[in-house]
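Inspection log for the structure reproduced underneath, given as structure tokens.
Just so we're clear, the structure is a prediction, and the values are computed from it rather than from any experiment.
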Amino acid sequence: MTPEQLSSAIVDVLTTLSTEGAITLPDGVPTTVTVERPRQKGHGDYATNVAMQLGKKAGMNPRAFAELVAQRLTEVDGVGGVEIAGPGFLNISVEAGAQGQVALDVLAAGDLYGHNETLAGQRINVEFISANPTGPLHLGHTRWAAVGDALARVLAAAGAQVDREFYINDRGNQMDLFGASLEAAALGQPIPEGGYQGGYVVDLAQRLVAADPHLVELPEGERLVAFREAGYAAQLTEQQEQLRTFRTEFETWFSERSLHDSESVADTLRSLTEKGHVFEADGAVWMRTTDFGDDKDRVLIRSNGELTYFASDTAYYLNKRARGFDLCVYLLGADHHGYVGRLRAMAACAGDDPEANIQVLIGQLVKIMKDGEEMKLSKRAGTMVTLEELTDEIGVDALRYTLGRYPADSPLTLDVALMTKQSSDNPVFYVQYVHARVASILRNAADLGLEPGTEMGLLTHEKEGELLRALAELPRVVASAAELREPHRVARYLEDTAGIYHRFYDSCRVLPMGDEEPNELHRARLALVAATRVVFANGLALLGVSAPERM
């Protein structure tokens, strides 16, 4: 019996009591009831405070309300007993067979265990890297690649239809500076002021000329454009390859240029004007975002006729909505904190509900320490630490897991030595080791001809119960991580469950020893171990981390 099944059983009891007139709930019977694992031993397998929440609404003492629920709940198949504690807490014990059924449910669901329908029917666009195609991806991009991809995986597991989107900043002065920098490097000339100074610029320029020697022979203006476009294509391809290596795939690579080439920006300005949210002042065109809580109105067209980034941002948002997305999620860096209010106001100006159609998540900075010193990054100075270098130094699994196990809005200082340490002090090793240990047990069982059993009522040991209850939590953890946009909850759940598994393993022998004949308890425990493998494999997959068979 899972927490969800127990919650449904309690709802059924409340419905019956309400129908019979034993209780009266002015707001009706709730569709779900919170059921949790108690923090203290001896308080049953699960606990709920439903009587304290609904007792007063029903005009009853919460403890009296609890007594009515407890009496009916004990009649439910799989419920072993119900005790009332304190002012009305219900501590529920589950029969061993019903609890053991969790392992069989996990095995039956396989790769889909943990998935749920919490967000079913929603189309969500998650934009989590917005980069110039003018250089390698750096540490800031790396954090968003790990967190954004994990968030997309969790949202999809919760039933949403998810589209991962990379916004290519391929328009504006930085592109011309990139082209001029490549041109200068190819011709052996000084990099122009404000240009890109990194060693990668010289390397890229040499590669471009090697691929097309005629680039340097083009007329001056044409040559700059040719270097800009060739460099753009090469750099974008490199970014895509780096992200693919990092197990981060995007359904959509969206070009900023396409907004302007397709007249989307002009159409957006026309639409906003018709809605009455655009005005002219001081020779510029503005959006009246202060009507919707922004701290100031925003310029769309400067007095010199140039479009602002905000004009592109607005057109881009409306483009997403026109593609059918119900919710547009933005993952932005710490220096974009001021964007939250303006983007929400922009959505409101467009006629949308900022609470339902747009969400902006702000991440914080990351420092990577190596040998006691910070690994620095600076795209223009050329001293940045890149995604490629980080994956080579730390490894994809360790880097993704470590960046994904913290809330995105928390600043991080991480140490290379700890992230690569092969010990239980390293969270990713600690979690992956469970999967490897379980895989080893399953291989040994196969060698003995031992298969998982189905007599799960034999799992009566305290540590077996703890592990079963932990495995039952994954669907709820995934649902919570999706609803709160916090994929790190999956990592923390895996770490907690790893500790529970190790305690089970130390107390409950799974395979027979020596000449001992296998019995049904061995087979039941083997089913529990097999279910544990599924949970860890699925949880790690949600984080984009591998589940090794051997370590």
Side-chain angles (χ1 to χ4, degrees), residues 1-6 9 37 44-46 76-81 92-115 431-477 493-494 496-541 547-550:
M1 177 171 280
T2 66
E4 289 74 20
Q5 292 167 336
L6 193 52
R37 286 187 288 169
D45 298 318
Y46 296 102
V76 174
D77 289 343
V79 174
I92 305 164
S93 299
V94 178
E95 292 178 353
Q99 187 162 259
Q101 180 64 33
V102 168
L104 300 183
D105 292 343
V106 172
L107 293 174
D111 292 345
L112 294 179
Y113 183 70
H115 291 220
V431 169
Q432 286 182 315
Y433 181 66
V434 171
H435 188 274
R437 173 179 263 190
V438 163
S440 175
I441 292 174
L442 295 174
R443 286 194 301 272
N444 292 336
D447 291 341
L448 294 172
L450 187 62
E451 294 183 353
T454 58
E455 294 189 23
M456 310 310 288
L458 297 173
L459 300 180
T460 59
H461 193 283
E462 176 188 358
K463 301 305 179 185
E464 295 166 342
E466 287 182 9
L467 182 55
L468 284 163
R469 288 190 291 277
L471 301 186
E473 289 289 321
L474 180 60
R476 189 155 55 173
V477 170
Y493 161 79
L494 291 175
D496 289 344
T497 306
I500 293 171
Y501 172 78
H502 287 309
R503 291 191 289 275
F504 155 79
Y505 182 83
D506 290 341
S507 301
C508 303
R509 170 161 287 279
V510 177
L511 301 180
M513 294 183 63
D515 296 330
E516 183 184 3
E517 284 294 320
N519 56 43
E520 290 305 319
L521 178 58
H522 292 126
R523 294 185 177 90
R525 285 177 174 172
L526 189 61
L528 177 53
V529 167
T532 301
R533 189 208 64 77
V534 170
V535 164
F536 276 81
N538 293 359
L540 287 167
E549 297 287 321
R550 291 177 170 84

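Residue Asp77 qualifies as open at atom CG: its count of foreign heavy atoms under 6.0 Å is 12 or below. When the shell of 6.0 Å around OH of Tyr433 is examined, it contains 12 or fewer heavy atoms from other residues, nucleotides or ligands. Taking a 6.0 Å sphere around CG of Asp111, one finds it holds 12 or fewer heavy atoms contributed by other residues, nucleotides or ligands. By the neighbour-count criterion of 12 heavy atoms within 6.0 Å, atom OH of Tyr505 is sparsely surrounded, having that number or fewer from other residues, nucleotides or ligands.
Judged purely by atom type and a 3.5 angstrom limit, Tyr113 has no side-chain atom pairing as donor or acceptor with the backbone of Ala531.
Between Glu473 atom CD and Arg37 atom CZ the span is 4.5 Å, to the nearest 0.5 Å. One finds the CZ atom of Arg525 at 11.5 Å from the CD1 atom of Ile441 (value rounded to the nearest 0.5 Å). For the atom pair Tyr493 OH and Leu471 CG, the distance stands at 5.5 Å (nearest 0.5 Å). Rounded to the nearest 0.5 Å, atoms CE (Met456) and CD (Glu520) are 10.5 Å apart.
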For side-chain contact (heavy atoms from CB on, under 4.5 Å), just list the numbers for Arg443 and Arg550, CA-CA rounded to whole Å, side-chain angles, deciding distance to a tenth of an Å, and then say yes or no.
-> CA-CA 11 Å; Arg443 286 194 301 272; Arg550 291 177 170 84; 3.3 Å; yes
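For the pair Arg523 and Glu455, the salt-bridge criterion is not met [side-chain N within less than 4.0 Å of a carboxylate O].
Put simply, the side chain of Val79 reaches to within 4.5 Å of the side chain of Leu6, judged on heavy atoms. Looking at heavy atoms from C-beta onward, Pro512 lies in side-chain contact with Leu450 at the 4.5 angstrom threshold.
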